[in-house]
Amino acid sequence: RIGFVFTSSLLRDKVEFTAEFDPAEYGIPADGSWRLAELSQNGKILPRGLIQGKTVLEESLDPVEARILVAEPATGR
């Protein structure tokens, strides 16, 4: 597993941003055998989709929010 953490330290404003994820930079296959998922605040893994090449993430964070995304082998394949 490889984790990505996005945080906002702003106290009042929501932050919108774009991030590009290239699996080749991390040695992750881009053949759909891995997935991108989000770790929720209650500890559940929420699937975001299979990794099949470069992915552009359009995200927004509320004030003082953190988001953890995880690249991991897809299960049930």
Side-chain angles (χ1 to χ4, degrees):
R1 290 185 177 162
I2 298 173
F4 304 92
V5 178
F6 302 96
T7 64
S8 170
S9 61
L10 298 177
L11 298 176
R12 297 186 191 140
D13 299 321
K14 186 175 196 169
V15 176
E16 295 183 1
F17 63 95
T18 301
E20 184 176 280
F21 166 69
D22 183 356
E25 290 183 27
Y26 302 93
I28 296 172
D31 60 1
S33 63
W34 279 54
R35 71 177 181 173
L36 192 61
E38 181 176 340
L39 180 61
S40 72
Q41 290 184 3
N42 62 5
K44 292 187 179 180
I45 302 260
L46 309 173
R48 286 275 200 101
L50 297 177
I51 298 172
Q52 298 179 320
K54 286 185 183 178
T55 302
V56 176
L57 304 169
E58 303 276 339
E59 300 287 330
S60 64
L61 295 173
D62 288 330
V64 219
E65 181 184 4
R67 181 163 305 135
I68 300 172
L69 300 182
V70 179
E72 63 182 1
T75 57
R77 290 193 45 106

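The first residue of the sequence shown is numbered 1, and numbering continues consecutively from there.
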Could you list the donor-acceptor pairs under 3.5 angstrom formed by side chains in residues 65-74, with sequence neighbours left out?
from, atom 1, to, atom 2, distance (Å)
E65, OE1, D62, N, 2.6
E65, OE2, R67, NH2, 3.2
R67, NH1, E59, OE1, 2.6
R67, NH1, S60, O, 3.1
R67, NH2, S60, O, 3.1
E72, OE1, R1, NE, 2.8
E72, OE1, R1, NH2, 3.3
E72, OE2, R35, NE, 2.7
E72, OE2, R35, NH2, 2.5

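- Every residue meeting the ring-ring contact (aromatic ring centres under 6.0 Å, His included) condition with F4, not counting sequence neighbours, appears here in chain and number order: F21, Y26.
- Atom CG of L36 is separated from atom OG1 of T55 by 6.5 Å, given to the nearest 0.5 angstrom.
- Applying the side chain to side chain donor-acceptor pair (under 3.5 Å) test to residues at least two apart or on different chains, the pairs with a partner in residues 13-23 are T18-E58.
- Minimum interatomic distance between G53 and A30 (heavy atoms only, all atoms of both residues): N-CB, 3.4 Å.
- I28 and L39 are assigned to two separate hydrophobic clusters, defined by single-linkage of ILVMFWY side chains at heavy-atom distances under 4.5 Å.
- One hydrophobic cluster, built from ILVMFWY side chains closer than 4.5 Å, cannot hold both L50 and I45; they sit in different ones.
- Hydrophobic cluster membership for L11: V64 (Ile, Leu, Val, Met, Phe, Trp, Tyr linked by side-chain heavy atoms under 4.5 Å, directly or transitively).
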